[in-house]
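Note that the coordinates shown come from a computational prediction; the quantities given were computed from them, not determined experimentally. Note: hydrogens, waters and symmetry copies are ignored here, and every other heavy atom, side chains too, is used. Lettering of chains follows the sequences in order, A, B, ..., and the numbering in each one begins at 1.
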Amino acid sequence: MNDSTTPARYDFATAEPRWQQAWEEGACFAAPDVPDGSKPKYYVLEMFPYPSGKIHMGHVRNYTLGDVVARYKRARGFQVLHPMGWDAFGLPAENAARERGTHPAAWTYQNIANMRAELKRMGLSIEWDREFATCDPSYYGQQQKLFLEFLKAGLVERKESWVNWDPVDHTVLANEQVIDGRGWRSGAVVEKKQLSQWFLKITKFAPELLAALDGLERWPERVKLMQANWIGRSEGARVRFALEAPVGSGGAGHESVEVFTTRPDTLFGMSFLAVAAEHPLAAAAAEGNPEIAAFIAECRSLGTSEAAIEQAEKRGIDTGLRVKHPFIEGATFPVWVANFVLMEYGTGAIFGCPSGDQRDLDFARKYGLPVTPVILPPGEDPASFAIGRTAYTEDGTLYNSGFLDGLGTAEGKRAAIDALEKQGAGTGVVNWRLRDWGVSRQRYWGCPIPVLHCAACGVVPVPEEQLPVVLPEDVDFSRPGNPLDHHPTWKHVACPHCGGAARRETDTFDTFVDSSWYFARFTAPKAATPLKAEAARAWLPVDQYIGGIEHAILHLLYSRFFTRALHGLDLLGTPEPFAGLFTQGMVQHASYKTQDGRWLAPDEVDVAADGSATDKETGLPVLVARNDKMSKSKRNTIDPGAIIDRFGADTARWFILSDNPPERDMEWTESGVSGAFRFSQRLWRLVQAALPALPAPEAPHAAEPDRATRDLRRATHRTIAAVTEALEGFSFNVAVARIHEFANAIEAAAEADGAARREALEAVARLVSPMMPHLAEELWALLRPGAGLVAGLPWLDSDAELAKAESITLAVQVLGKLRGTISVPVGADEATVFAAAEAEENVQRAIDGRPIRKRIYVPGRIVNFVV
RNA sequence: GCGGGCGUGGCGGAACGGUAGACGCAGGGGUCUUAAAAACCCCAGCCCCAGGCAUGCGGGUUCGAAUCCCGCCGCCCGCACCA
């Protein structure tokens, strides 16, 4: 096959765009808004990208995985929906505006154009007609409508809340944007501040969001667990402690404090009550007491970052107030303000039982508060048991506890709650860790929250006919703070009710709102309403969602909430958005660092066979860190575009799939890519070389096939079955391995009948098509000129008869150790098998004349003799 | 601290409780070539080699364990002053 007219290599650079065009012209990946029901539907979706400017290897992995599923399911006869869009609002666009003077919209749409072109080069079977960006007014305007629906349905609340406030940038920061107590951009020490914010009432759905996790059978256990922990259900009691004397001035008078506890059984071990610094009672106590006020101010400035909390010592200040104990007549306990009590959890107040809680014990020891043991560990003597530096938090028997004495932990809880309820001092409750979702952001590049503030009418929703509330284009990014708020005219409007002067809400939505319903919008992206009922009902839930584990909680929980809310409004036919979820691992690459601390790019080093590396320029050894997360700062990113230029999209896809199981982190290696490239070329050569000798398509198989032909057909049908099974189970690396083996088998079967060889080569083209779609088309066109696209073909079926072995090799064990193998016909009966096994030379030696006490035969698998 | 996951050659990994290490990468040897690239062929867990030892370590269940159970050790991830 080396005559001068035949190119020796597969020219991916011309073939790939050609097939992409053929798919587009054939509208191969189009799906109707409302499927006609002739085929079962299958909705495949990958988490849509943020348009940062360039695609990275993580995208390549994500979209390759999704594309394999989409192409495979299409071939399996499903009507597949596989759309793509852009999560396009967000801070980087504003930063770019500030730093380079471009408009966020211009920057974003330019990035989208770049990334769309890059994604298209990957040969993804995406229906691009459904594409939208969340920053399109046609999308966010519909989102504003949804918000007004939520408002009507009572799912929205405006309330004061404690937020992370960046005093330099004049904006609220999400918890994730606070790093070591400082704003991630400004570096300013973040303050806690009380602000009016818009909240979506996700807590209303806490019980069902938790309960429904059980039904998500095709979700990874660990994601479900993370969500369950985040929702954080705990059973306990709310207990009201009456203050000895009321406190507070004006309308803010306090007569009691309420605490939440999971251990009402330990109430008799109480030695103090503590409230959070932000608790109203703390504020009341601080009136006229500068020391308390100073302590509160200090706590507030400390911020909420994990690092700050972890380092902070338990500290507090006695307010001088005292509360009465609900069970002990006449007993009172001091009220402290303590830095370890969280305003966000429970009621922002706790009762301290030092013997039963480590934090309370640390606090009590520090401030010399009493420690009364109330739970006796099993086997301990009440006379001698004492609490040292470790609290006893396990179950035991109650003592020193009045009417609870002698009860176990569970009964004690029940009895304590009964008593509290009887005397009206408390109730048994279920507490949730989940808090309502604050969606207000003081940003420009987001979806405007469609409400007005009128001095006379209060908060007024923007009338639907005035939607969308569009972002103004002439904005000034040079000043810190919210550009919408600074805009000279945008916010000044007339109240639709009274006609008086009103002010637009200048906060925009958290971008997680945008991504909480985009999957539903994809089902009818051009509809004049947020959702088209028939389309959404027909397509949702998403059958297979694919993305990174980093969204395990926020995005996936918010989307579940939104779907439930929309379902409640009768806009969707399902309460859950994603029936199947797959979380892929990261793509990593070795990083290289010189002795003097400079990072070198992969092409700036020479890597030796043992993995060590030297600086190409200086020849000096460099430090190699394998499996390092790709990052610009470490200069170990690999540009997908450059890989496609050099090797083609199919090679990139094949390598990414072949390296390891998709849920694990993978290492991008140059040698791995070239291995994948070699294989793609090898398949092409295999077909090219065979072509001249192949019979016509559909030529009959030999009536009495010879051995080589039978073997090849068996390999073909076994491979079909094995690849199918691997694809069904997301074992793409195994599917790749099976195809490798098959290629080896075809090469070894030169003497097989032509029809069998054609069958095998056609099978290769089709089996490889979900992974290397362009090469598949190229091979198919060589094998069956004019026969249409692989993209339109059904999946192959494995013929079980042909896949069946004629004879099998059985392992023979003696006492569980392998001693030999025998070859027997497939249908051989037990007696034949045992006879052959006993006769085997090595087996005989192992038996060594001893009588066989037991013979085990697992048909088709193994023989084992017990002597 | 709480919760979860994972330990198999030099590396990525395969293996319904049934021949451990498929397949690939890297490696060694060879063919072709003036040479290189490309391609092709062969070898390859370890050892005291008709045998023995090997899936982090120690036990157990089983005719048989990488796989199931118990206990350690190590690594990774999530949550975390959550009352």
Side-chain angles (χ1 to χ4, degrees), chain A residues 2 8-9 220-230 232 234 236 259-263 266 274 276 306 309-310 312-314 338-342 344-353 356-360 362-363 393 431-433 549-550 552-553 607-611 626-627 655 658-661 663-667 669-676 678-679 681-682 685 722 725-726 731 733-744 747 809-821 841-842 845-846 853-867:
Chain A
N2 272 328
R9 308 201 114 198
E221 279 306 314
R222 82 179 163 131
V223 174
K224 291 196 273 185
L225 216 81
M226 283 161 75
Q227 291 212 352
N229 289 339
W230 186 266
S234 60
V259 307
F260 172 73
T261 178
T262 56
R263 296 299 301 271
T266 65
E306 281 166 39
I309 288 165
E310 205 151 357
E313 203 186 339
K314 284 184 185 47
N339 66 347
F340 71 94
V341 180
L342 304 174
E344 307 82 60
Y345 187 77
T347 62
I350 61 155
F351 85 83
C353 171
D357 184 287
Q358 192 57 47
R359 294 154 303 176
D360 297 350
D362 294 345
F363 193 74
T393 57
N431 191 62
W432 301 87
R433 182 183 173 277
I549 186 77
E550 67 273 18
I553 296 174
V607 181
D610 65 356
R626 281 195 52 194
N627 301 325
F655 170 56
S658 68
D659 189 62
N660 68 351
E663 67 276 12
R664 297 193 204 168
D665 290 348
M666 71 170 285
E667 188 187 2
T669 60
E670 279 58 36
S671 56
V673 182
S674 45
R678 278 200 302 274
F679 186 70
Q681 293 291 343
R682 187 178 156 208
R685 269 197 316 273
E725 190 190 332
S731 302
N733 56 324
V734 179
V736 166
R738 294 288 102 87
I739 291 171
H740 266 279
E741 286 173 82
F742 189 33
N744 294 344
E747 278 187 341
T809 305
L810 280 178
V812 183
Q813 300 180 334
V814 177
L815 285 169
K817 280 197 198 314
L818 180 73
R819 295 300 171 177
T821 55
E841 196 189 342
N842 282 315
R845 193 164 38 240
R853 293 192 288 132
K854 194 172 173 186
R855 294 175 170 81
I856 294 147
Y857 175 45
V858 182
R861 296 235 166 250
I862 205 154
V863 178
N864 193 7
F865 294 136
V866 185
V867 292

**OP:** Whole angstrom is fine here: how far is it from CD in A/Glu667 over to P in B/G24?
**Re:** 20 Å

**OP:** Quick one: label A/Val812 by what it contacts on the DNA or RNA (base, sugar-phosphate, nothing), any heavy atom closer than 4.0 Å.
**Re:** nothing

**OP:** Pick the C1' atom in B/G17 and in B/A26, then give their distance to the nearest Å.
**Re:** 33 Å

Original post:
Reckon A/Gln813 touches a base, only the sugar-phosphate, or nothing at all at heavy-atom distances under 4.0 Å?
Top reply: base

Original post:
Nearest nucleotide by nearest heavy atom, which residue falls closer to the 5' end of RNA chain B, A/Arg682 or A/His740?
Top reply: A/His740

Original post:
Rounded to the nearest 0.5 Å, what separation is found between the CD atom of A/Glu344 and the CZ atom of A/Arg433?
Top reply: 10.0 Å

**OP:** Give none if B/C2 has no partner; otherwise give the nucleotide forming a Watson-Crick or G-U wobble pair with it, both distances under 3.5 Å.
**Re:** B/G78

**OP:** For residues A/Phe340 and A/Ile350, determine if any side-chain heavy atom of one lies less than 4.5 Å from a side-chain heavy atom of the other.
**Re:** yes

**OP:** Ignoring the backbone of A/Leu342, work out which of B/C40, B/C23, B/C81 is nearest its side chain.
**Re:** B/C81

Original post:
So does A/Arg738 pair up with A/Glu725, basic N to acidic O under 4.0 Å?
Top reply: no

Original post:
Can you tell me how far C1' in B/C63 sits from the matching atom in B/C77, rounded to whole Å?
Top reply: 40 Å

Original post:
At under 4.0 Å between heavy atoms, what does A/Thr261 touch on the DNA or RNA strands: base, sugar-phosphate, or nothing?
Top reply: sugar-phosphate

**OP:** Write down the distance separating the C1' atoms in B/G3 and B/G51, rounded off to the nearest Å.
**Re:** 48 Å

Original post:
Is there side-chain contact between A/Met226 and A/Asn229, with at least one heavy-atom pair below 4.5 Å?
Top reply: no

Original post:
Out of B/C16, B/A22, B/C81, which nucleotide sits closest to the side chain of A/Lys314?
Top reply: B/C81

**OP:** In whole angstrom, give the distance that lies between atom CG of A/Leu225 and atom P of B/C77.
**Re:** 17 Å

Original post:
What integer number of Å spans the P atoms of B/U55 and B/A50?
Top reply: 22 Å

Original post:
Does A/Arg626 make a side-chain N or O approach to OP1 or OP2 of B/A26 shorter than 4.0 Å?
Top reply: no

Original post:
P atom, B/C48 versus B/C43: distance in rounded Å?
Top reply: 23 Å

Original post:
Out of B/A26, B/C23, B/C79, which has the shortest distance to the side chain of A/Ile553?
Top reply: B/C79

**OP:** Quickly work out the A/Arg845 CZ to B/G51 C1' distance and round it to whole Å.
**Re:** 9 Å

Original post:
Could you give the CG-to-P distance, from A/Leu818 to B/G17, as a whole number of Å?
Top reply: 20 Å

Original post:
Which is true for A/Gly675 with a 4.0 Å heavy-atom rule: it touches a base, it touches only sugar-phosphate, or it touches nothing?
Top reply: sugar-phosphate

**OP:** Determine the Euclidean distance between corresponding C1' atoms of B/C16 and B/A66; express it in Å to zero decimal places.
**Re:** 15 Å

Subject >> Of the listed nucleotides B/A14, B/G18, B/A83, the one nearest the side chain of A/Ile862 >> reply: B/G18

Subject >> Euclidean distance for C1', B/G12 against B/G27 (whole angstrom) >> reply: 15 Å

**OP:** Count the heavy atoms of every other residue, nucleotide or ligand shown that sit under 6.0 Å from CZ of A/Arg682, and state whether that count exceeds 12.
**Re:** yes

Subject >> Syn or anti conformation of B/G60, syn meaning chi within 90° of 0 >> reply: anti

Subject >> From CA spacing to verdict: side-chain contact (heavy atoms from CB on, under 4.5 Å), A/Val866, A/Leu815 >> reply: CA-CA 5 Å; A/Val866 185; A/Leu815 285 169; 4.1 Å; yes

**OP:** Mind calculating the distance between CE (A/Met226) and P (B/C2) to the nearest angstrom?
**Re:** 19 Å

**OP:** Classify the nucleic acid contact of A/Asn744 as base, sugar-phosphate or nothing, counting any heavy atom under 4.0 Å across all strands shown.
**Re:** sugar-phosphate

Original post:
Has the side chain of A/Asn229 got a donor or acceptor that lies under 3.5 Å from a partner of the other kind on the base of B/C79?
Top reply: no

Original post:
Contact class for A/Ile856 vs. all strands (heavy atom < 4.0 Å): base, sugar-phosphate, or nothing?
Top reply: base

Original post:
Touch check for A/Arg664, heavy atoms < 4.0 angstrom, all strands: base, sugar-phosphate only, or nothing?
Top reply: sugar-phosphate

Subject >> B/C40 glycosidic torsion: syn (within 90° of 0) vs anti >> reply: anti

**OP:** Find out whether A/Asp659 and A/Arg664 are in side-chain contact, i.e. whether some heavy atom of one side chain is under 4.5 Å from a heavy atom of the other.
**Re:** no

**OP:** Looking at every strand, decide which applies to A/Thr809 at a 4.0 Å heavy-atom threshold: base, sugar-phosphate, or nothing.
**Re:** base

Subject >> Residue A/Val734, side-chain heavy atoms: nucleotide from B/G12, B/A14, B/G51 that is nearest >> reply: B/A14

Original post:
Out of B/A14, B/U19, B/A83, which has the shortest distance to the side chain of A/Ala811?
Top reply: B/U19

**OP:** Whole angstrom is fine here: how far is it from CD1 in A/Ile739 over to C1' in B/A14?
**Re:** 16 Å

Original post:
Does the side chain of A/Phe260 reach to within under 4.5 Å of the side chain of A/Ser234, using non-hydrogen atoms?
Top reply: yes

Original post:
What integer number of Å spans the C1' atoms of B/G9 and B/G71?
Top reply: 28 Å

Subject >> Nearest-neighbour nucleotide for the A/Asn660 side chain, B/C23, B/A38, B/G13 considered >> reply: B/G13

Original post:
Counting any heavy atom closer than 4.0 Å, what does A/Val866 reach on the DNA or RNA strands: base, sugar-phosphate only, or nothing?
Top reply: sugar-phosphate

**OP:** Ignoring backbone atoms, test whether A/Arg685 places a side-chain nitrogen or oxygen under 4.0 Å from the OP1 or OP2 oxygen of B/C40.
**Re:** yes

Subject >> Watson-Crick or G-U wobble partner of B/C40, both distances under 3.5 Å >> reply: B/G30

**OP:** Would you name the heavy atoms of A/Glu667 and A/Phe655 that are closest together and state the gap between them?
**Re:** O-CZ, 3.8 Å

Original post:
Counting side-chain heavy atoms from CB outward, which of B/G51, B/U19, B/A80 is closest to A/Arg433?
Top reply: B/A80

**OP:** Assign A/Asp360 to base, sugar-phosphate, or nothing according to its heavy-atom contacts below 4.0 angstrom with the strands shown.
**Re:** nothing

Subject >> Nucleotide opposite B/G18 in a Watson-Crick or G-U pair, distances under 3.5 Å >> reply: B/C63

Original post:
Using a cut-off of less than 4.0 Å, is there contact between a side-chain N or O of A/Arg359 and OP1 or OP2 of B/C82?
Top reply: yes

Original post:
Of all the nucleotides listed (B/A14, B/A39, B/G51), which has the minimum atom distance to the side chain of A/Asn733?
Top reply: B/A14

Original post:
Whole-Å distance between B/A80 C1' and A/Gln358 CD?
Top reply: 15 Å

Original post:
Can you tell me how far P of B/C40 sits from CZ of A/Arg678, to the nearest Å?
Top reply: 9 Å

